[in-house]
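Below is one structure, written out as structure tokens; the observations come after it.
Since the model is a prediction, treat every value here as computed from it, not as a measurement.
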Amino acid sequence: MLEQIIKNYLVNTKGKDPALFEDPTLQVSALDLDSLDMVEMLFEIEDRCGFQLPDPTRYPQMTFRDMLADIEAAIREHNNGELPELSLEENK
């Protein structure tokens, strides 16, 4: 679900081509997101999870898959090893 939330945000809000995400070696830097874009993308996750992700400045140096794994690990750490159900719907 986490992957779909981030993909939906990038496709629907930032106009990224969905085909980009089919490449398992896709680098976050290849998405051409500026620092504000990165912060907004992470807010999408943070709003659903209820906490702030640590050090988002490291993500542009990662592959998209590694970024997803890192974010999931942070969520699990914050939730005693569990990955809570995340809604595709935005929190209002």
Nearest-0.5 Å distance that lies between atom [atom1] in [X] and atom [atom2] in [Y]:
X     : Y     : atom1 : atom2 : result
Glu72 : Ile45 : CD    : CD1   : 11.0 Å
Leu26 : Leu31 : CG    : CG    : 5.0 Å
Ile75 : Leu53 : CD1   : CG    : 6.5 Å
Leu33 : Lys16 : CG    : NZ    : 5.5 Å
Ile5  : Met41 : CD1   : CE    : 12.0 Å
Met38 : Arg58 : CE    : CZ    : 9.5 Å

**Prompt:** Can you tell if the side chain of Glu40 reaches within under 4.5 Å of the side chain of Asp37, non-hydrogen atoms only?
**Reply:**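 Heavy-atom side-chain distance check passes, below 4.5 Å.
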
Side-chain hydrophobic cluster, 4.5 Å single linkage: members besides Leu36:
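Taking Ile, Leu, Val, Met, Phe, Trp and Tyr as members, Leu36 stands alone, with no cluster partners.
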
Determine whether more than 12 heavy atoms belonging to other residues, nucleotides or ligands lie under 6.0 Å from atom CD of Gln52.
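It does not: Gln52 CD has 12 such atoms or fewer within range.
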
query = Is atom CD of Glu77 surrounded by more than 12 heavy atoms (other residues, nucleotides or ligands) closer than 6.0 Å?
reply =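 No - once you tally the heavy atoms of other residues, nucleotides and ligands closer than 6.0 Å, there are 12 at most.
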
I need the full list of ring pair (Phe, Tyr, Trp, His ring centres under 6.0 Å) pairs touching residues 28-61, with sequence neighbours left out, sorted by first then second residue.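 Applying ring pair (Phe, Tyr, Trp, His ring centres under 6.0 Å) to every pair that reaches into residues 28-61, excluding sequence neighbours, yields Phe51-His78.
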
Let me check something: do Met1 and Tyr9 share a hydrophobic cluster, defined by ILVMFWY side-chain heavy atoms less than 4.5 Å apart, either directly or through other members?
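In one cluster with Met1: Tyr9, yes.
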
Inset, instruction - Return the set of residues passing side chain to side chain donor-acceptor pair (under 3.5 Å) with Glu3 (not counting sequence neighbours), or none when no residue passes. - result: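 Side chain to side chain donor-acceptor pair (under 3.5 Å) list for Glu3, sorted by chain: Lys7, Arg65.
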
**Shortest non-hydrogen contact between Asp23 and Thr25, atoms and distance** =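 It is OD1-OG1, 2.7 Å.
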
key: Sole residue of Leu42, Val11, Leu68 in side-chain contact (heavy atoms from CB on, under 4.5 Å) with Ile6   =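 Answer after filtering Leu42, Val11, Leu68: Leu68.
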
